[in-house]
Asker: 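A single structure is presented below for examination.
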Amino acid sequence: MSVIFRLAYGRRVRTLQDDIVVENIKAGGMFGKVPGKYLVESWPILLWLPHRLQWFRHEVDKHRELNRQLYMSLMNRVREQMAEGTAQPSMATVALERQAEFGLSDLETAYTLAGPWDAGVGTTVISIEIFLLAMLHHPEIQKKAQEEVDRVVGTSRLPEYSDMESLPYVAALIKEVARWRPVAPTGFPHALTQDDTYNGHYLPKGATVYANIHAIMQDPELFPEPDVFRPERFLDTKHPKLQNFTIHFGFGRRICPGLHIANQSIFIVISRFLWAFDILPATGPDGKPVLPSTDDFTSGLITRPSPFPCTFKVRNKEVEELIILEAEKAEAEAARWDTD
Ligand code: HEM
């Protein structure tokens with residue numbers, strides 16, 4: 001979250017209690033609602049009703065106003081910092097410096113800057129949650145990944161971005177997490193730019209189309225035994241779609257523009273989790289491990305596992321000391337983005 005906020009606005013988020021997080025959660029309540037939730041999506045003719053009679057608008061209009069206020073205030077704050085000479089370089093400073101060249105209004109610029117925040121934070125965090133869920137159910141896979149991390153990285157330093165190439169099993173595990181339970185199972189809606197036919201169905205220009213990412217991930221030809229969580233399927237293959245695996249990021253010119261940031265962020269968090277902790281089920285009141293369901297997910301454009309308990313056990317003393325040391329170093333380094 002802090003990484004993305006820093007990229008977009010040049011300041012970091014310190015804690016989940018930060019005003020900006022609280023405001024964003026309030027404003028973001030509409031993002032990713034179930035497609036087709038509103039009658040008007042199937043019956044666009046309802047848009048001919050007088051504006052005040054369009055009852056389906058009330059909820060979304062309220063959220064749009066909250067979004068507008070939040071996004072404008074974030075952008076205007078950077079504008080003030082630029083005038084004061086205290087702004088850190090970010091997407092916002094570039095967008096504001098070149099606003100005339102881009103031909104965007106203030107509102108358009110504000111919404112563009114909020115894109116990474118809106119589309120990138122939840123998706124990345126949920127990917128980590130799904131990884132944890134998978135590890136609770138597959139201790140043998142966790143162990144295999146830890147063996148690789150231990151062999152390549154050792155215990156005298158943390159995994160770094162530069163280790164990615166040398167950790168093929170971890171890379172395959174991350175791909176399998178994305179395949180097993182895709183965060184955006186239907187992708188985002190697209191509109192056809194021309195008439196088309198698919199499997200004998202006529203699809204007129206302008207029609208809304210969702211790519212069924214979930215169904216593709218369950219295709220037994222591409223992914224034999226699709227229900228099974230098996231990172232090896234990404235190692236023992238020459239299939240270009242699996243080697244360069246981006247299905248979970250959508251398709252075409254609207255493919256997720258944040259995929260490289262997402263891949264890097266997820267890699268660094270997951271490899272460090274594996275390096276530092278044994279991820280174990282919590283213990284219930286009866287002393288038995290509590291294994292959360294692998295199918296209890298929220299519905300919507302973005303789906304996330306229902307909250308589940310989980311235990312992190314630090315793997316050894318050396319690792320524990322290093323975590324504390326690195327956290328102090330990171331805190332000192334990140335302080336330069338405390339611009340507010
Ligand atoms: C695991 C993490 C992520 C997943 C699974 C994911 C997935 C997706 C998907 C499926 C789409 C729709 C693509 C399409 O329409 O075909 C999308 C769009 C988008 N993503 Fe991501 N994303 C992730 C992380 C990020 C990050 C980190 C950022 C920004 C830093 C980001 C920014 C965006 C934006 C701005 C769009 C809209 C693009 C457009 O409509 O043209 N995403 N993402």
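In each ligand, atom 1 is the first atom listed, and ligand 1 is the first ligand listed. Only heavy atoms go into these numbers, but all of them, side chains included; no hydrogens, no water, no symmetry mates. The residues of the chain are indexed from 1 along the displayed sequence.
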Asker: With heavy atoms of I266 as the reference, note each atom of ligand 1 found under 4.0 Å away.
Answerer: 1 (C)
Asker: Using only atom types and a distance under 3.5 Å, with no angle test, would you say the side chain of D195 pairs donor to acceptor with the backbone of P204?
Answerer: no
Asker: Using a 4.0 Å heavy-atom cut-off, which part of L7 comes near ligand 1: side chain, backbone, both, or neither?
Answerer: neither
Asker: Do the non-hydrogen side-chain atoms of D163 and S271 ever get within less than 4.5 Å of each other?
Answerer: no
Asker: Side chain to side chain contact (heavy atoms under 4.5 Å, CB included) between L291 and H137: does it pass, once the steps are laid out?
Answerer: CA-CA 7 Å; L291 264 189; H137 284 268; 4.1 Å; yes
Asker: Report yes or no: does a heavy atom of D118 sit under 4.0 Å from some atom of ligand 1?
Answerer: no
Asker: Within a distance under 4.0 Å of any heavy atom of P116, pick out the atoms of ligand 1 and give their elements.
Answerer: 29 (C), 30 (C)
Asker: Applying ring pair (Phe, Tyr, Trp, His ring centres under 6.0 Å), which residue pairs with at least one partner in residues 147-187 are found, sequence neighbours left out?
Answerer: W180-F229
Asker: Does R179 make a cation-pi contact with F223, if we ask for NZ or CZ under 6.0 Å from the ring centre and within 45° of the axis?
Answerer: yes
Asker: What protein heavy atom sits nearest atom 13 (C) of ligand 1, and how far away is it?
Answerer: R254 O, 3.1 Å
Asker: Which of the atoms of ligand 1 are close to S127, meaning less than 4.0 Å from one of its heavy atoms?
Answerer: 1 (C)
Asker: Give me the residue, atom name and distance of the protein heavy atom closest to atom 5 (C) of ligand 1.
Answerer: H248 O, 3.7 Å
Asker: Which bit of F249 is near ligand 1, meaning a heavy atom under 4.0 Å away: side chain, backbone, both or neither?
Answerer: both
Asker: Please write down residue, atom name and distance for the protein heavy atom closest to atom 33 (C) of ligand 1.
Answerer: A119 CB, 3.4 Å
Asker: Which one of C256, P257, G122, A114 has a non-hydrogen atom at the shortest distance from atom 36 (C) of ligand 1?
Answerer: P257
Asker: Taking only heavy atoms of F251 into account, list the atoms of ligand 1 that are under 4.0 Å away from them.
Answerer: 16 (O)
Asker: So do F273 and I128 actually touch side chain to side chain, heavy atoms under 4.5 Å?
Answerer: yes
Asker: Taking the side chain as everything from C-beta on, heavy atoms only, tell me whether E108 gets closer than 4.5 Å to Q99.
Answerer: no
Asker: Determine whether the side chain, the backbone, both or neither of H190 has a heavy atom under 4.0 Å from any heavy atom of ligand 1.
Answerer: side chain
Asker: Out of all atoms in ligand 1, which are within 4.0 Å of some heavy atom of G250? Include the element for each.
Answerer: 10 (C), 13 (C), 16 (O)
Asker: So which protein heavy atom does atom 24 (C) of ligand 1 come closest to, and at what separation?
Answerer: T123 OG1, 3.3 Å
Asker: What's the separation between atom OG1 in T124 and atom CD1 in I266, rounded to the nearest 0.5 Å?
Answerer: 5.0 Å
Asker: So, do E23 and Q69 sit near enough that their side-chain heavy atoms are less than 4.5 Å apart?
Answerer: no
Asker: Which one of P182, G120, S265 has a non-hydrogen atom at the shortest distance from atom 27 (C) of ligand 1?
Answerer: G120
Asker: Among protein heavy atoms, which sits nearest to atom 18 (C) of ligand 1, and what does the distance come to when rounded to 0.1 Å?
Answerer: F188 CE2, 3.4 Å
Asker: Would you say R79 and N76 are linked by a side-chain donor-acceptor pair, where the criterion is simply a distance under 3.5 Å?
Answerer: yes
Asker: For I4, counting its heavy atoms only, list the atoms of ligand 1 lying under 4.0 Å from any of them.
Answerer: 27 (C)
Asker: Hey, are R181 and D295 close enough for a salt bridge, meaning a charged N less than 4.0 Å from a carboxylate O?
Answerer: yes
